[in-house]
Amino acid sequence: MKSIKKAFWVISFLHFLTVIGQQETKFGQLTIDEEEFTTYEKDTTAHAVYLYEKGENFFEIRGNYVWLIKKYRAKIKVLDKQGVSIADIAIPYYRSDNRKESVEEIRAITHNGTVKHSLRQQNVFDTDVTERWSEKRFTFPAVQEGSILEYTYEIKSPFFFNLNGWTFQEDIPKVYTEYNAKIPGNYRYNRTLIGELTLDVNEASVEKRCFSIPGSRDEADCEVLKYVMKDVPAFKEDESFMLSPKNYRSSLEFELSEHLRFNGVTDRYTKSWKDVDKEFKADKDLGRQLKKENFFERNVPVELISGGGDALEKAKKIHEFVKNWFVWNGDYGIYYNNRVKEAFDEHKGNVAEINITLINLLNAAGIDTDMMVLSTRNNGLPKKSHPVMSDFNYLVAKVNIDGTSYLLDATQKYLPFGMLPYRCLNYYGRVMDLEGESYWYDIVPEQKNSRAIRVEMALNPEEGLVTGNFDEITTGYEVLIKKNQITTSTKEEYLNKLEESSNGDFFIENYELDSEQSNDKKLVEHFEFEMEGLETGQTIYFNPFAIRFFKSNPFISEKRYYPVDFGYLRSYMFYANVEVPEGYKLKEMPEALILALPENSGLLRFNCSESQGKVMVQYSLQLRAPHYTSEGYAYVKKFFEDAVNAQNNSYVVFEKI
């Protein structure tokens with residue numbers, strides 16, 4: 001009987017969630033199910049949840065003008081005190097030099113049981129965010145734990161390219177989210193469904209003769225769309241090792257392709273790469289800036305361009321010169337106001353100005369160099385299906401020397417020749433060849449990236465101390481991380497941070513950076529340390545991991561709906577020799593551990609052994625792939641859980657003789 005009752009309760013609960021988002025009411029009214037909603041069983045960690053969300057886009061004639069209309073309505077349940085922050089609302093709208101969208105009919109109500117608090121219009125504020133975007137902002141009144149926030153608005157837009165689609169997934173879960181569109185056939189859009197979640201409703205139909213414009217007898221048919229998702233999980237942006245959320249957050253994107261006017265004229269907005277190449281070569285901010293070779297020949301040392309040496313050595317000298325000449329101002333700035341002459345004179349510029357200077361100098365030296373545009377990791381992946389130049393926000397140099405290609409960036413002084421910054425490790429870019437056609441080119445990161453720590457330590461039970469020294473050898477992208485830490489902090493701050501990442505009361509007594517053994521892709525450091533708080537007695541339990549690569553598992557979500565992206569291959573190695581303290585003998589060592597990720601894409605080894613009065617600890621974690629699919633997330637999570645546990649909970653046991 002109990003099992004029957006439990007099954008009935010589960011079915012009833014699922015029916016409740018199914019029904020709650022589908023009942024549409026007048027604004028200001030709640031359904032009985034919404035009023036009684038208290039917890040969201042599918043995500044007990046959620047602080048708030050969308051009970052209902054609906055949006056629609058359509059075209060309408062108002063005042064003899066065609067407008068793109070967006071209507072929006074939502075009901076959000078505040079589940080706890082942390083969820084109160086959802087009460088701050090921002091509605092973005094677009095503006096050009098002479099026209100802008102208008103946000104109208106904003107209405108908002110806070111439901112606190114039977115009491116309703118309405119938003120006053122004088123509490124809606126206008127804020128400019130960027131040169132082209134503004135926001136209407138307001139805060140729901142009288143919000144508390146248990147409130148239901150309901151609001152609606154309309155956007156009237158003269159910009160048909162701003163049919164932006166719909167975001168199904170956000171940072172809080174949604175019980176029900178619905179998007180509708182009614183698009184006249186003479187407006188054609190490319191559309192893309194992003195993310196791994198599937199639609200619960202995917203309907204498309206045609207409504208005959210639904211749209212016309214004043215003064216024309218012609219009528220267009222309309223495509224009528226309805227898309228629904230139910231029980232949409234929250235998108236966790238704070239997850240470790242991911243590319244831009246816009247690559248994976250479940251959403252529907254529209255992009256205006258063509259406008260077929262009733263007079264027979266067709267406006268095309270989606271261009272071919274041939275069209276883009278032609279425009280690029282004539283663009284005053286890009287293509288024309290690549291033709292400044294004569295200026296640089298006159299303003300740099302003669303030997304830099306015409307000096308001896310092979311092409312590779314010359315390219316390295318030019319790369320080094322540009323890195324040291326400029327200070328990067330922190331801006332990317334591909335498309336607007338790139339002026340390489342002014343930037344060169346001021347010794348300061350954006351990414352485009354610095355790297356265009358690099359390209360000009362390399363070409364002036366007779367080294368075949370093209371510009372490659374790309375999108376940074378936090379900007380999203382560029383579309384390959386058709387040109388969308390706004391997808392790109394960064395540019396680098398592609399150098400071809402003796403059949404080998406190198407990608408160069410000169411914005412960071414310690415960036416090695418042939419390596420791009422971590423922010424640029426985003427799969428691929430588009431090479432803009434001024435002499436031919438553009439083409440896609442894969443970004444292949446540096447392959448050897450490692451941290452290797454070798455420790456010698458001795459235990460002093462009488463004083464409760466551990467003393468020793470260790471060498472840390474870092475390679476590849478791990479060097480860039482280290483150098484950034486070293487150059488952006490004082491020596492004391494740098495060492496303090498290392499001490500904080502250690503095990504217990506750890507103090508660095510002496511530090512030396514070995515400049516003779518170090519180079520641009522390798523860093524060798526020597527440390528002497530002392531660790532207090534060694535617990536002694538008849539038995540000593542000692543964790544040999546004085547330095548830890550990971551204090552905790554970076555992967556905490558039960559499920560992940562997008563890939564894990566490390567950016568580059570990684571290797572972490574820890575070797576320690578621990579002297580058996582005088583008057584003690586080795587009693588116990590941690591068990592050996594060998595784990596592998598599927599398809600041998602990762603390997604973890606941990607082993608301890610004893611020889612000649614020393615305990616030798618060997619720990620190695622290798623990631624042999626930079627990317628792992630969402631299907632493989634469970635394996636990656638468990639792999640790191642075991643890797644962290646081996647560091648945090650492995651004890652060598654010594655017993656008094």
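Residue numbers count from 1 along this sequence.
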Checklist outcome for this item: Correct closest heavy-atom pair for Pro581 and Pro461 would be CB-CG, 3.8 Å
Next on the checklist: Pair Thr404, Asp402 - check side chain to side chain donor-acceptor pair (under 3.5 Å), show working.
Outcome noted: CA-CA 6 Å; Thr404 301; Asp402 297 331; over 6 Å; no
Checklist entry - Is the closest basic N to carboxylate O distance between Asp310 and Lys314 below 4.0 Å? => result no
Checklist entry - Is there side-chain contact between Tyr332 and Thr376, with at least one heavy-atom pair below 4.5 Å? => result yes
Checklist entry - Does NZ or CZ of Arg377 fall inside the cone over Tyr422's six-membered ring, less than 6.0 Å from its centre and within 45° of the axis? => result yes
Item to check | Given Phe470, Phe527, Phe529, the one that forms ring-ring contact (aromatic ring centres under 6.0 Å, His included) with Tyr511 | outcome: Phe527
Next on the checklist: Within the structure provided, determine whether Leu425 and Ile443 are in side-chain contact (heavy-atom separation under 4.5 Å).
Outcome noted: yes
Next on the checklist: Could you go through Tyr633 and Tyr628, starting from their C-alpha distance and side-chain angles, then the distance that decides it, and tell me whether this counts as ring pair (Phe, Tyr, Trp, His ring centres under 6.0 Å)?
Outcome noted: CA-CA 7 Å; Tyr633 172 71; Tyr628 297 86; over 10 Å; no
Checklist entry - Within a reach of under 6.0 Å around CD of Glu655, are more than 12 heavy atoms found that belong to other residues, nucleotides or ligands? => result yes
Item to check | Tyr568 versus Glu446, closest heavy-atom pair with distance | outcome: CB-O, 4.3 Å
Next on the checklist: Any side-chain to backbone donor/acceptor pair from Thr490 onto Glu493? Under 3.5 Å, distance only.
Outcome noted: yes
Next on the checklist: Between Glu472 and Arg454 (salt bridge meaning N to carboxylate O under 4.0 Å), is one present in this structure?
Outcome noted: no
Checklist entry - Any idea which heavy atoms bring Ile401 and Leu312 closest together, and the distance? => result CD1-CA, 3.9 Å
Next on the checklist: Suppose we call two aromatic rings close when their centres sit under 6.0 Å apart. Are Phe550 and Phe640 close by that rule?
Outcome noted: yes
Item to check | Closest contact, heavy atoms only, Val322 versus Ile354 | outcome: CG1-O, 3.8 Å
Checklist entry - Are Lys317 and Glu320 ion-paired here, with the side-chain N under 4.0 Å from a carboxylate O? => result no
Checklist entry - Do Lys398 and Ser405 have side-chain atoms, one donor and one acceptor, less than 3.5 Å apart? => result yes
Next on the checklist: Does anything in residues 574-608 form a ring pair (Phe, Tyr, Trp, His ring centres under 6.0 Å)? List the pairs, not counting sequence neighbours.
Outcome noted: Phe545-Phe574, Phe545-Phe606
Checklist entry - Salt bridge between Arg624 and Glu599, side-chain N to carboxylate O under 4.0 Å? => result no
Next on the checklist: Is any side-chain heavy atom of Phe321 closer than 4.5 Å to one of Leu361?
Outcome noted: yes
Checklist entry - If you measure only the distance, is there a donor-acceptor pair under 3.5 Å linking the side chains of Ser450 and Thr475? => result yes
Item to check | Under 3.5 Å donor-acceptor, His347 side chain and Trp325 backbone | outcome: yes
Next on the checklist: Can you tell whether the side chains of Glu492 and Lys497 come within less than 4.0 Å, N to carboxylate O?
Outcome noted: no
Checklist entry - Which heavy atom in Arg249 sits nearest to a heavy atom in Glu170, and how many Å separate them? => result NH1-CA, 3.3 Å
Checklist entry - Between Phe639 and Phe555, does the ring centroid distance fall short of 6.0 Å? => result no
Checklist entry - Got a salt bridge between Lys482 and Glu478, using NZ or NE/NH1/NH2 to carboxylate O under 4.0 Å? => result no
Checklist entry - Do the charged groups of Glu558 and Lys637 touch, with an N to O distance under 4.0 Å? => result yes
Checklist entry - What distance do Asn543 atom CG and Asn648 atom CG have between them, rounded to the nearest 0.5 Å? => result 7.5 Å
Next on the checklist: Check for me whether the distance between the ring centres of Tyr562 and Phe235 falls short of 6.0 Å.
Outcome noted: yes
Next on the checklist: Here's one to test your reading of the geometry: is the NZ or CZ of Lys384 within 45 degrees of the ring axis of Trp440 and under 6.0 Å from its centre?
Outcome noted: yes
